[in-house]
Amino acid sequence: MYSSFYTSVSGMNAFSQQLSVISDNIANTNTTGYKSGNTSFAEILNASVMSNSSMGIGNGVLVQKIAEDWTQGAVASTGNSNDFAITGAGLFVVSDADGLVSYTRDGQFFYNADGILVTATGRAVQGYPIDADGNVSNAFGNITFTDATLPATAPSTFSTSINLNSGTEIGGAFSTTINVYDSLGNAVPLTLNFTKTAANSWSWTSAIPATFGSTASSGTMTFNADGSLTAGTNPAVDLTLTNGATAAQSITWGIYNTSGTTNGTMTQYAGSSAITNASQNGASSGQIESIYTDNYGVMTASYSNGVTRPVYQLALATFNNYNGLNKAGNNLYLASAESGLPIYGVAGSGQFGVLLSGNLETANVDMATEMADMLIAQRAYESCAR
């Protein structure tokens with residue numbers, strides 16, 4: 001009778017824990033990125049008869065393990081560009097003020113007063129910085145965007161698409177003006193003057209308004225019979241600037257490929273002399289207007305001066321044993337000896353899934369399953385209690 005009593009008590013304890021897990025699942029139905037728990041049981045054998053398995057009498061039950069179901073939750077659109085859902089493997093990497101790193105599937109983020117991308121509890125989301133040349137750092141840190149002005153950039157190169165009318169008479173001329181920038185971000189009108197000196201040879205000079213300084217660069221261009229530019233090297237336009245900007249500025253005019261052959265941007269065809277396109281790699285100063293994040297977690301900032309460039313790539317982590325992670329509350333997990341060390345990377349690489357900006361992963365709780373399990377566990381508990 002004594003043994004039967006404690007066998008029933010063990011069942012009550014086990015089913016009580018299962019009911020707690022089921023209740024927790026139901027309570028977190030609307031928790032972003034929540035992974036439902038599953039209860040597994042193991043029998044207890046009477047120690048006095050364990051030496052004879054044929055006479056083994058069960059001595060009750062215990063909860064062997066409470067494991068999380070790491071299957072993908074449904075993805076729901078929010079329209080908020082600061083929300084992110086991971087489809088596939090991986091967790092976001094976040095850090096508190098003391099540098100403690102934790103992990104989460106909850107991608108509800110926002111920018112705090114210091115321009116740092118954080119979780120609802122203020123932990124900083126981690127990302128890999130990307131420099132102005134597009135190089136991604138191998139060490140992650142806080143993702144920070146501020147209202148600070150993007151400095152002006154003086155151009156090192158410019159390009160044009162210009163056709164010079166093959167029917168122009170000797171001595172005929174054509175001029176066009178484009179804007180380049182000085183080191184302070186001022187737009188400097190640069191005029192290119194072309195004069196036809198022979199059937200297939202043109203001379204060119206450059207000029208800027210005296211209020212900005214001066215330039216005395218010049219050269220010649222020779223065209224083939226098919227109207228294409230003959231091989232050569234890219235000329236330089238040298239500016240002497242005033243008004244506080246860096247005085248000496250040399251800008252390469254990109255009319256040839258790196259191999260020294262024409263890139264088709266200067267031609268001499270029949271038809272009007274005209275410029276159809278101009279670009280340069282300088283820019284005035286600007287402020288961030290928007291941030292776009294692609295499926296690989298690359299965060300690209302668009303500035304008011306027309307510049308767009310990638311600034312960060314969101315960091316992700318994965319583990320050999322997700323069920324070995326320790327729950328830390330607030331949808332956070334901590335690495336443990338059972339989970340193994342974190343493996344860091346970025347979305348779309350290796351075993352990592354991809355990101356969906358403007359979306360969140362919902363809880364993977366199946367309400368029908370939970371209600372059915374609850375009824376079974378409740379009946380089992382009541383039977384043990386009798």
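Since we're looking at a predicted model, the values are computed, not measured. We number each residue from 1, following the sequence as shown.
- We find the CD-CG distance between Gln351 and Leu316 to be 11.0 Å, quoted to the nearest 0.5 Å.
- The distance from the CG atom of Asp182 to the OG1 atom of Thr153 is 11.5 Å, given to the nearest 0.5 Å.
- When all heavy atoms are compared, the tightest approach of Ala317 to Pro342 is CB-CB, 4.4 Å.
- With Ser183 contributing its side chain and Ala154 its backbone, the two residues share no donor-acceptor pair below 3.5 Å.
- Side chain of Arg105 to main chain of Leu332: no donor-acceptor pair is present (N/O by atom type, distance under 3.5 Å, no hydrogens or angles).
- Considering all non-hydrogen atoms of both residues, Gly271 and Asn163 come closest at O-ND2, 4.0 Å.
- Between the side chains of Ser95 and Asn142, no donor-acceptor pair is found at a separation under 3.5 Å.
- Listed for the Asn234 side chain is a donor-acceptor partner under 3.5 Å among the backbone atoms of Ile255.
- Within 6.0 Å of CG on Leu341 lie no more than 12 heavy atoms contributed by other residues, nucleotides or ligands.
- For Asp69 and Thr71, the side-chain atoms include at least one donor-acceptor pair closer than 3.5 Å.
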Chi angles and distances behind the ring-ring contact (aromatic ring centres under 6.0 Å, His included) call for Phe319, Tyr333: CA-CA 11 Å; Phe319 295 86; Tyr333 297 90; 9.0 Å; no
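- The OG atom of Ser336 sits 7.5 Å away from the CG atom of Asn321 when rounded to the nearest 0.5 Å.
- Residues Thr222 and Asn200 bring no donor and acceptor atom of their side chains to less than 3.5 Å of each other.
- In summary, the side chains of Thr252 and Thr157 do not present any donor paired with an acceptor at a separation below 3.5 Å, with no hydrogens or angles considered.
- Judged by distance alone, with hydrogens and angles left aside, the side-chain atoms of Asn263 form a donor-acceptor pair with the main-chain N or O of Thr265 at under 3.5 Å.
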Trp70 and Asn323: CA distance, side-chain angles, deciding distance, side chain to side chain contact (heavy atoms under 4.5 Å, CB included) verdict: CA-CA 8 Å; Trp70 281 91; Asn323 275 310; 3.7 Å; yes
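- A donor-acceptor pair is defined here as one N or O able to donate and one able to accept, closer than 3.5 Å; no such pair exists between the side chain of Lys35 and the backbone of Glu68.
- Checked by atom type and distance alone, the side chain of Asp83 never pairs as donor or acceptor with a backbone atom of Ser81 at under 3.5 Å.
- Trp202 contributes atom CH2, which lies 6.5 Å from atom CD of Gln268 (distance to the nearest 0.5 angstrom).
- The backbone N or O of Glu370 lies less than 3.5 Å from no partner atom in the side chain of Asn25, so there is not a single donor-acceptor pair.
- Side chain of Ser102 to main chain of Leu334: no donor-acceptor pair is present (N/O by atom type, distance under 3.5 Å, no hydrogens or angles).
- Here Leu117 contributes atom CG and Tyr111 contributes atom OH; the two are 4.5 Å apart, rounded to the nearest 0.5 Å.
- Below 30°, between 30° and 60°, or above 60°: for Phe140 and Tyr344 the angle between ring planes is above 60°, a perpendicular geometry.
- The distance from the CD atom of Gln126 to the OH atom of Tyr103 is 10.0 Å, given to the nearest 0.5 Å.
- Defined by atom type and a distance below 3.5 Å, a donor-acceptor pair is present between the side-chain atoms of Ser228 and Asp226.
- The side chain to side chain contact (heavy atoms under 4.5 Å, CB included) test with Leu164 singles out one residue from Phe194, Trp204, Tyr269, and that residue is Phe194.
- Panel note: side chain Asn281, backbone Ser156; a donor-acceptor pair is recorded below 3.5 Å.
- A donor atom on one side chain and an acceptor atom on the other are not found under 3.5 Å apart for Asn165 and Ser272.
- The backbone N or O of Pro151 lies less than 3.5 Å from no partner atom in the side chain of Ser285, so there is not a single donor-acceptor pair.
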